[in-house]
Amino acid sequence: MTTGAALAGPDGALRCPWAVSTDDYVAYHDEEWGRPVHGDDALFERLSLEAFQSGLSWITILRRRPGFRAAFAGFRIEKVAAFTDTDRERLLADPGIIRNRAKIDATLANARLLADWAEGDLDELIWSHAPDPATRPAPRTLADVPAVTPESTALSTALKKRGLRFVGPTTAYALMQACGLVDDHLESCVARGAR
């Protein structure tokens with residue numbers, strides 16, 4: 001039974017306990033999770049993948065990420081915004097992604113909305129909700145890591161107000177964690193502060 005404390009990974013270094021179960025997780029945890037991500041297309045990808053993850057384990061999405069990137073034109077907003085009904089049908093039949101109609105439709109609708117935003121607007125909106133790191137002590141165990149925060153609720157509200165879909169407070173917080181707006185690596189984790 002896990003206590004939620006950091007665990008030794010394959011190399012003996014302590015990591016967040018969720019990160020040590022597979023090589024895919026170790027690499028994602030060490031090289032990506034919690035590191036700052038900027039750029040509208042990059043953030044659109046993360047936002048879309050977090051939406052697809054809703055109700056599923058992250059490893060399911062992580063292992064299909066190459067398929068998602070191929071299916072959604074590298075998550076380039078302008079390209080996805082131009083997808084047609086034929087593209088939608090292709091996505092619904094693509095075994096390389098999660099074929100959830102509501103999530104696919106939300107991704108396409110979000111791209112169409114974002115294509116009308118000025119360059120940098122998505123980046124600016126998301127990062128404007130990053131909390132002051134000085135107000136966030138390093139979590140010692142997984143029990144110290146929230147699923148929702150006032151900032152993620154505010155981000156969710158701001159995204160919904162602009163018309164984006166599948167961006168609830170929990171999805172918004174997962175985005176904040178994945179994209180480095182917060183550092184939720186445990187206090188004793190080898191990746192803590194590696195930004």
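In this chain, numbering begins with 1 at the start of the sequence shown.
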Quick check on [X]: does its [atom1] atom have over 12 non-hydrogen neighbours (other residues, nucleotides or ligands) under 6.0 Å away?
X: D23; atom1: CG; answer: no
X: R140; atom1: CZ; answer: no
X: E124; atom1: CD; answer: no
X: D11; atom1: CG; answer: yes

Working for side chain to side chain contact (heavy atoms under 4.5 Å, CB included), residues H185 and R15: CA-CA 8 Å; H185 287 286; R15 289 179 175 81; over 6 Å; no

Heavy-atom side-chain proximity of [X] to [Y] below 4.5 angstrom:
X: E187; Y: P137; value: no
X: T141; Y: D144; value: yes
X: I104; Y: N100; value: no
X: L181; Y: W127; value: yes
X: L114; Y: D40; value: no
X: D183; Y: R192; value: yes

Which atom of [X] lies closest to which atom of [Y], heavy atoms considered:
X: E78; Y: A115; result: OE2-O, 3.6 Å
X: P17; Y: G4; result: CG-O, 3.7 Å
X: A6; Y: L186; result: N-CD1, 3.6 Å

Hydrophobic cluster membership, with links at side-chain heavy-atom distances under 4.5 Å among I/L/V/M/F/W/Y: are [X] and [Y] in one?
X: L113; Y: L125; result: no
X: Y173; Y: L142; result: yes
X: V37; Y: Y28; result: yes
X: L91; Y: I98; result: yes
X: V26; Y: I61; result: no

Residues R165 and D105 bridged, charged N to O under 4.0 Å: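 Salt bridge between R165 and D105, a charged N being under 4.0 Å from a carboxylate O: no.
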
Which pairs of donor and acceptor atoms, one on a side chain in residues 147-160, lie under 3.5 Å apart (sequence neighbours left out)?
| unit_1 | atom_1 | unit_2 | atom_2 | d |
| --- | --- | --- | --- | --- |
| T149 | OG1 | E151 | N | 3.4 |
| T149 | OG1 | E151 | OE1 | 3.3 |
| T149 | OG1 | S152 | N | 3.0 |
| S152 | OG | T149 | N | 3.0 |
| S152 | OG | T149 | O | 3.1 |
| S152 | OG | P169 | O | 3.1 |
| T153 | OG1 | T149 | O | 3.0 |
| S156 | OG | V167 | O | 2.6 |
| T157 | OG1 | T153 | O | 2.9 |

Audit row: Q177, V145, side chain to side chain contact (heavy atoms under 4.5 Å, CB included) steps and yes/no: CA-CA 10 Å; Q177 292 174 304; V145 178; 3.4 Å; yes

Please round to the nearest 0.5 Å and tell me the distance separating atom [atom1] of [X] and atom [atom2] of [Y].
X: L43; Y: L122; atom1: CG; atom2: CG; value: 5.5 Å
X: R112; Y: T107; atom1: CZ; atom2: OG1; value: 10.5 Å
X: D41; Y: R76; atom1: CG; atom2: CZ; value: 8.0 Å

Derivation of the side chain to side chain contact (heavy atoms under 4.5 Å, CB included) call for D184 and R136: CA-CA 9 Å; D184 275 345; R136 295 180 50 85; 2.7 Å; yes

Candidate pair T84 and D87, rule side chain to side chain donor-acceptor pair (under 3.5 Å), full reasoning: CA-CA 5 Å; T84 64; D87 291 305; 3.2 Å; yes

Audit row: L14, S188, side chain to side chain contact (heavy atoms under 4.5 Å, CB included) steps and yes/no: CA-CA 7 Å; L14 291 178; S188 56; 4.1 Å; yes

Criterion ring-ring contact (aromatic ring centres under 6.0 Å, His included) on W58 and W33, from CA distance to verdict: CA-CA 12 Å; W58 179 245; W33 193 74; over 10 Å; no

Side chain to side chain donor-acceptor pair (under 3.5 Å) evaluation trace for Y25 with D30: CA-CA 8 Å; Y25 266 160; D30 289 3; over 6 Å; no

Return a table of donor-acceptor pairs under 3.5 angstrom between the side chains of residues 46-55 and protein atoms on other chains or two or more places apart.
| unit_1 | atom_1 | unit_2 | atom_2 | d |
| --- | --- | --- | --- | --- |
| R46 | NH1 | A42 | O | 3.0 |
| S48 | OG | F44 | O | 2.8 |
| Q53 | NE2 | L56 | O | 2.4 |

D123 side-chain N/O to G120 backbone N/O, donor-acceptor pair under 3.5 Å: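 Pair absent, no side-chain N/O of D123 close to backbone of G120.
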
Enumerate, atom names and distances included, each donor-acceptor pair closer than 3.5 Å involving a side-chain atom of residues 62-72, sequence neighbours excluded.
| unit_1 | atom_1 | unit_2 | atom_2 | d |
| --- | --- | --- | --- | --- |
| R63 | NE | D24 | OD2 | 2.7 |
| R64 | NH1 | I97 | O | 3.0 |
| R65 | NH1 | E32 | OE1 | 2.8 |
| R65 | NH2 | E32 | OE2 | 2.8 |
| R69 | NE | E45 | OE2 | 2.7 |
| R69 | NH2 | E45 | OE2 | 3.0 |

